[in-house]
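Have a look at the structure below, then the notes.
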Number of protein chains: 2
Amino acid sequence: MKSLINFIKDHGLKVTPQRVAMIKTIKANGHINIDDLYKNIKDEFPAISLATLYKNIIQFIEKGLIREIAIPNHKTQYELKYSEHAHFICKKCNLVRDLKFGDEVELKLNISIENIENISINIYGDCCKNI
Amino acid sequence: MKSLINFIKDHGLKVTPQRVAMIKTIKANGHINIDDLYKNIKDEFPAISLATLYKNIIQFIEKGLIREIAIPNHKTQYELKYSEHAHFICKKCNLVRDLKFGDEVELKLNISIENIENISINIYGDCCKNI
DNA sequence: CTGACTGCAAACGTTTTGCACGGTA
DNA sequence: TACCGTGCAAAACGTTTGCAGTCAG
């Protein structure tokens with residue numbers, strides 16, 4: 001709990017109950033889209049506004065707390081930035097499963113690219129055998 | 001030219017001048033977003049509607065002619081599906097550069113995943129040294 | 001105390017939809 | 001000819017913005 005507060009503070013942002021709740025919820029879910037984040041936080045803060053979520057999401061991304069996972073035809077998901085991994089994304093049920101780098105998935109770059117900020121690996125498939 | 005027509009026909013879609021122009025433009029550009037596609041095609045078809053583009057894009061994706069490249073904070077880009085490669089995406093200028101699989105980039109999967117439909121590897125960075 | 005954050009409502013841009021017409025097979 | 005595709009306009013949707021009030025530092 002203390003660490004969440006520092007996580008926000010250390011990135012140069014003011015600590016508000018709403019921001020703590022956002023980070024807590026994102027952390028608890030691993031990855032989450034705006035709507036689910038909104039629903040989750042509304043339990044704790046019935047008056048919270050979607051606009052606040054969007055504004056903070058933008059802040060979090062700019063300050064490097066979270067990262068976006070862009071998924072075609074689905075809501076963008078967000079996750080804390082401290083763990084690097086790939087994603088398996090089911091096109092049918094929209095499930096997102098994390099795949100560990102170096103362990104489950106390895107990426108080899110044979111060219112030199114300067115200034116890499118982020119690597120996104122999404123594997124799209126179908127995990128719903130019985131639909 | 002004949003091959004473009006067959007490319008559309010073979011995927012079970014009717015061949016219209018608009019669709020030919022779309023595939024031709026996407027092919028010529030490698031990857032392109034809706035707006036640029038619209039601008040390009042408007043030269044040839046001044047009366048073409050954005051709605052037509054969107055409807056056909058959806059058809060093309062469903063039938064497997066093209067693939068979406070979802071980029072956070074930028075317009076989704078589209079590319080023909082027959083060539084597999086990763087992307088380097090500049091966060092500043094929005095440039096998208098193709099990186100060949102097996103050659104420039106290698107991906108190793110150490111787990112077995114059934115039913116993989118598509119793999120998306122996007123490397124975000126900064127190619128604009130002097131901005 | 002001051003600037004940053006919040007919540008509301010309105011605005012905005014993108015994507016989708018309904019419908020009448022036109023073109024492909 | 002039958003059905004699919006097109007273009008227009010309107011609707012729907014997700015996201016952003018402006019503003020007045022509030023809170024963290």
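So that the names make sense, note that chain A is the first sequence line, chain B the second, and so on, each numbered from 1. Side chains included, hydrogens not; waters and symmetry mates left out as well; all remaining heavy atoms used. Please read these numbers as outputs of a predicted model, since none were measured by experiment.
- Contact between the side-chain N/O atoms of Thr16(A) and the OP1/OP2 oxygens of dT6(C) is found at a separation under 4.0 Å.
- In this structure, CG of Leu37(A) is placed 15 Å from P of dG14(D), rounded to the nearest angstrom.
- One can place OH of Tyr54(A) at 13 Å from P of dC13(D), the figure rounded to the nearest angstrom.
- A side-chain donor-acceptor contact under 3.5 Å links Asn40(A) to the backbone of Asp36(A).
- Atom NZ of Lys27(B) and atom CG of Leu80(B) lie 7.0 Å apart (nearest 0.5 Å).
- At distances below 3.5 Å, not a single donor-acceptor pair connects side-chain atoms of Lys100(B) with backbone N or O atoms of Glu104(B).
- Across all strands, Ala47(B) comes closer than 4.0 Å only to sugar-phosphate atoms, never to a base (heavy-atom distances).
- At whole-Å resolution of the value, CG in Leu53(B) and P in dT17(C) are 16 Å apart.
- Nucleotide dG7(C) holds its C1' atom 13 Å from the CZ atom of Phe45(A), rounded to whole Å.
- For Ser49(A), the listed nucleotide lying nearest its side chain is dG7(C); candidates were dG7(C), dT6(C), dG7(D).
- Between Thr52(A) and dG7(C) there is a side-chain N or O to OP1 or OP2 distance below 4.0 Å.
- An OP1 or OP2 oxygen of dT6(D) is reached within less than 4.0 angstrom by a side-chain nitrogen or oxygen of Asn56(B).
- Side-chain atoms of Lys55(A) and base atoms of dG7(C) include a donor and an acceptor less than 3.5 Å apart.
- Applying the ring pair (Phe, Tyr, Trp, His ring centres under 6.0 Å) criterion to His11(B), with sequence neighbours excluded, gives Phe7(B).
- Each of Lys9(A) and Lys75(A) was assigned the nucleotide of DNA chain D with the nearest heavy atom; the assignment lying further toward the 5' end belongs to Lys75(A).
- Defined by atom type and a distance below 3.5 Å, a donor-acceptor pair is missing between the side-chain atoms of Gln77(A) and His87(A).
- One interatomic measurement links the two molecules: NZ of Lys14(A) to C1' of dG25(D), which rounds to 6 Å at whole-angstrom precision.
- Counting non-hydrogen atoms under 4.0 angstrom, Ile48(A) reaches the backbone sugars and phosphates but no base.
- Taking atom CG of Leu13(A) as the reference point, atom P of dA24(D) lies 15 Å away to the nearest angstrom.
- Between dC8(C), dA24(D), dT14(C), one nucleotide has an atom nearer to the side chain of Asp35(B) than all others, and that is dT14(C).
- Rounded to whole angstrom, the span from the NZ atom of Lys63(A) across to the C1' atom of dA4(C) amounts to 11 Å.
- When heavy atoms are screened at a 4.0 angstrom cut-off, Gln59(B) is found touching no nucleic acid atom at all.
- One can place CD1 of Ile8(B) at 13 Å from P of dT24(C), the figure rounded to the nearest angstrom.
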